[in-house]
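Convention: sequence-line order gives letters A, B, ...; per-chain numbering from 1. Remember, it's a predicted structure, so these values are computed and weren't measured experimentally.
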Number of protein chains: 2
Amino acid sequence: MAKPATIEDVASLAGVSIATVSRALNEPGKVADTTRRKVIAAVAQTGYTTNAMARNLRTRKSNMILILAPDVGDPNFSNILVGLETAASKRGYGILIGNTQNDPSRETDYLRFISSNQADGLILLTGHLPFGLAAQKPAVRLPPIVAVNEPLPDADIPFVGVDNVEGVRTAAEHLISQGHTRIAFLGRGASAIARMREAGYRKAMEGAGLRIDPSFVLECEGTTEGGRGAVERMFVRDRLPSAFLCVNDAAALGVIISLSARGYQLPRDFSVMGFDDISYASFVTPPLTTMKQPRHDIGAASMDLLLTMLEGIEPRSRQVLLRADLILRNSVAMHRR
Amino acid sequence: MAKPATIEDVASLAGVSIATVSRALNEPGKVADTTRRKVIAAVAQTGYTTNAMARNLRTRKSNMILILAPDVGDPNFSNILVGLETAASKRGYGILIGNTQNDPSRETDYLRFISSNQADGLILLTGHLPFGLAAQKPAVRLPPIVAVNEPLPDADIPFVGVDNVEGVRTAAEHLISQGHTRIAFLGRGASAIARMREAGYRKAMEGAGLRIDPSFVLECEGTTEGGRGAVERMFVRDRLPSAFLCVNDAAALGVIISLSARGYQLPRDFSVMGFDDISYASFVTPPLTTMKQPRHDIGAASMDLLLTMLEGIEPRSRQVLLRADLILRNSVAMHRR
DNA sequence: GATGCTGGTGTAAACCTTTTCATAAATCAT
DNA sequence: ATGATTTATGAAAAGGTTTACACCAGCATC
């Protein structure tokens, strides 16, 4: 029992050739009933399990997917991850994860997995092609790729994610439906996501015939600190909004903290909305009204897309947009005129 | 450029044998300077990159570590994950993750990675040996394993995690130092972690010569719901504690929500402590005083331990306990007598 | 001048599969 | 009964490395 059993052990025990063993296991239809039974008996007896390395070498497939994410610890990513994992595992694939921390050298480093055939496909949560895969012509041949969460700017890569502009538009329309007209958008930024979310905001305002006060659109990183800072900058002004629509929940959280610290009562004095529905959105005081990203579904859908691409099927559409759902909690109130 | 270059292409271009190429790449010392230069030039020209499958087949090593966790989306796990990933990647290993959801069949399924040589070692965040690895004698040969976060009950497997009893003891001592004597422990449970944390609580109480009111030790799942429920059960009693020490932050959160809903002012009326320092501990009102788990370090330490075991070195100690740090926020106040 | 090392290289085996191609047996049509 | 087709199997190649072993030249040792 020192060495694990090989296909030859099974073959000789079953009294057949190794080719037959292989077929009995992989294409049971192509083998006679009686021999198949002999083979599986021999497999059971030897405890044989096929050596994946040898198989992968021969078939030039690894049944592994490499996932590159800037920070796997980020709750937003980690939940997408479980969707990815579930879908992959359901189809017999394993996932290999790379935490890049947006470090170009780490991104490059991870490409070894694909250039050395250890991964058949690539899922990008980073918002850009890995450094080193970008401009070059043949250096590393592109495997099938799908971008998740954040679309890739230049490259023409299939994308799966939430419909950011529709989502934020829905959010803004909810605020408008509550009588708000002076709605600030906190989160203007350079990233694709920030731009799309701002676009959704503008679309809703325009659709309702509301003028956007330019001073109500603030640059703001999508972090708690960012939201805090934006509020501080806003309060040096004379005109104030009645509602804050934030680029994401983290920023909204900062806004709530900052407004509470200034002694305001929420949602009586101001309404606040976020986007994402991160786990603690429901634990803040007041509980945050927000748009829920279907993170698990996003993960599953992107993995499914990638795996069908791997099967050689061109995806019907190069973009899958999932709807964000409005989650009503208690950070938004009717506007008191 | 259709096929990727193989070692033979490099060899013939450099005018040497494939053995020399292999040596030039893997044991540069064993090859003459001039030939080594020829080889690396040829590598550069062909864009050669060694086929990992072939190498793994030959060397019987995959340079992969399988990580089994019940829920990768759990913020506690996902942060350990980045520590694991960082340490692995630093030493040239890749990580393969399996989300088991505590489903025995999924646990068994993931063993294929180790039985098929696709992973050299195993990290368990599950608190138990994977189903199917447990009782059997030879079925799957045990790879090097380290348990993280939660020790394995029966098996003698190296463990890395936070020192739960010392940690909770520190927490309890903090409450005692604030003048509290009637301290409830919410979180009695069957899991190893729950037991250790309860032990820390008892140790501190005993050390301070305080009697533990048995009705102050409550069963309670480590979830927000669990914490809520425990408070409700407690409030049918006539005697109430002045401080709640919770098995983890999630439960503490439930306690805070429940107490606030009953109209109490925190920390004036009751003090509350948690354990873990999950990300939103600082965002609750009042911000939660708790013990911080060094999650990143835990991940890194366990991966380091596993990798040294893989190198054939027996670990100096089969248990690494990291200290939890007291994080002072605002959910604990001096006891008003 | 024979002997023994040493450092550098090449040959070929081994790792374990999958799969092509050939062969033999069995089935079918005529 | 003959030839054509199908079905089931085996022999062997291919996949791309690493590495044990053999070899050879150069050099030091006695």
Novice: Which of the following nucleotides, dT17(C), dG10(C), dT17(D), is nearest to the side chain of Asn51(A)?
Specialist: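 Of the options given, the side chain of Asn51(A) lies nearest dT17(C).
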Novice: Grab the CD1-P distance between Ile18(A) and dA12(D) for me, whole Å please.
Specialist: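 After rounding, the reported distance stands at 11 Å.
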Novice: Apply the salt bridge (charged side-chain N to carboxylate O under 4.0 Å, His left out) test between Asp304(A) and each candidate in Arg316(A), Lys90(A), Arg91(A); give the one that qualifies.
Specialist: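 For Asp304(A), the salt bridge (charged side-chain N to carboxylate O under 4.0 Å, His left out) test succeeds with only one of Arg316(A), Lys90(A), Arg91(A), which is Arg91(A).
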Novice: Output the rounded distance in Å from CD1 (Ile7(B)) to C1' (dC15(C)).
Specialist: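 Answer to the nearest Å: 15 Å.
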Novice: Rounded to whole angstroms, how far apart are CZ on Arg23(B) and P on dG8(C)?
Specialist: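 Those two atoms, CZ and P, are 11 Å apart.
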Novice: Measure OH/Tyr48(B) against P/dT18(D) and give the value in whole Å, please.
Specialist: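 Going from Tyr48(B) (OH) to dT18(D) (P), I get 6 Å.
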Novice: Here's a test of your reading of the structure: between Ala19(B) and Leu57(B), which maps to the more 5' nucleotide of DNA chain D?
Specialist: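 The answer here is Leu57(B).
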Novice: What is the distance, to the nearest angstrom, from the CG atom on Asn117(B) to the P atom on dC16(C)?
Specialist: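 The distance from CG of Asn117(B) to P of dC16(C) comes to 8 Å, rounded to the nearest Å.
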Novice: Sub-3.5 Å donor-acceptor pair from the side chain of Glu107(B) to the main-chain atoms of Phe131(B), do we have one?
Specialist: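 Indeed, once roles are kept as given, a pair shorter than 3.5 Å links the two residues.
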Novice: Expressed as a whole number of angstroms, how long is the span from Asp33(A):CG to dT9(D):C1'?
Specialist: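 My rounded result for the distance is 15 Å.
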Novice: With sugar-phosphate meaning primed atoms plus P, OP1 and OP2, does Ala32(A) contact a base, only sugar-phosphate, or nothing at under 4.0 Å between heavy atoms?
Specialist: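 It contacts sugar-phosphate atoms only.
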Novice: So does Thr20(B) get a side-chain nitrogen or oxygen closer than 4.0 Å to the phosphate oxygens (OP1/OP2) of dT9(C)?
Specialist: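 The answer is no; no side-chain N or O of Thr20(B) sits under 4.0 Å from OP1 or OP2.
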Novice: For the pair made of CZ in Arg58(B) and C1' in dA12(C), what is the distance, rounded to whole Å?
Specialist: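 Result: 11 Å.
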Novice: Measure the distance from CD on Glu8(B) to C1' on dT17(D) and round it to the nearest whole Å.
Specialist: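 The answer, rounded to whole Å, is 10 Å.
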Novice: Report yes or no: does Asn79(A) contribute a side-chain atom to a donor-acceptor pair with the main-chain N or O of Pro75(A) at less than 3.5 Å?
Specialist: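 The answer is yes, because a donor-acceptor pair under 3.5 Å joins these two groups.
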Novice: Indicate the atoms forming the closest heavy-atom contact of Pro130(A) with Leu68(A), along with that distance.
Specialist: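 Scanning both residues completely, I find the closest heavy atoms to be CG-CD2, 4.1 Å.
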Novice: Is any side-chain N or O of Asn56(B) closer than 4.0 Å to OP1 or OP2 of dT17(D)?
Specialist: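 Result: no.
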Novice: With a 4.0 Å limit, can you tell me whether Thr35(A) has a side-chain N or O closer than that to the phosphate oxygens OP1/OP2 of dA8(D)?
Specialist: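 No, outside the criterion.
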Novice: Kindly indicate whether the side chain of Arg55(A) and the base of dG15(D) share any N or O donor-acceptor pair separated by less than 3.5 Å?
Specialist: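 Answer no: no donor N or O sits under 3.5 Å from an acceptor.
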Novice: If you look at every strand shown and take non-hydrogen atoms under 4.0 Å, does Ser22(A) touch a base, only sugar-phosphate, or nothing?
Specialist: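 Base: the residue Ser22(A), judged by heavy atoms under 4.0 Å, touches a nucleobase.
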Novice: Does Arg60(A) place a side-chain N or O at less than 4.0 Å from the phosphate oxygens OP1/OP2 of dG16(D)?
Specialist: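 True: Arg60(A) side-chain N/O within range (under 4.0 Å) of dG16(D) OP1/OP2.
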Novice: Any side-chain N or O of Asn26(B) below 4.0 angstrom from OP1/OP2 of dT18(D)?
Specialist: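 Indeed, a polar side-chain atom of Asn26(B) lies that close.
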Novice: Can you tell which of Ile95(A), Thr308(A), Val146(A), Ile298(A) makes a side chain to side chain contact (heavy atoms under 4.5 Å, CB included) with Met303(A)?
Specialist: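 Testing Met303(A) for a side chain to side chain contact (heavy atoms under 4.5 Å, CB included) against Ile95(A), Thr308(A), Val146(A), Ile298(A) leaves exactly one candidate, Ile95(A).
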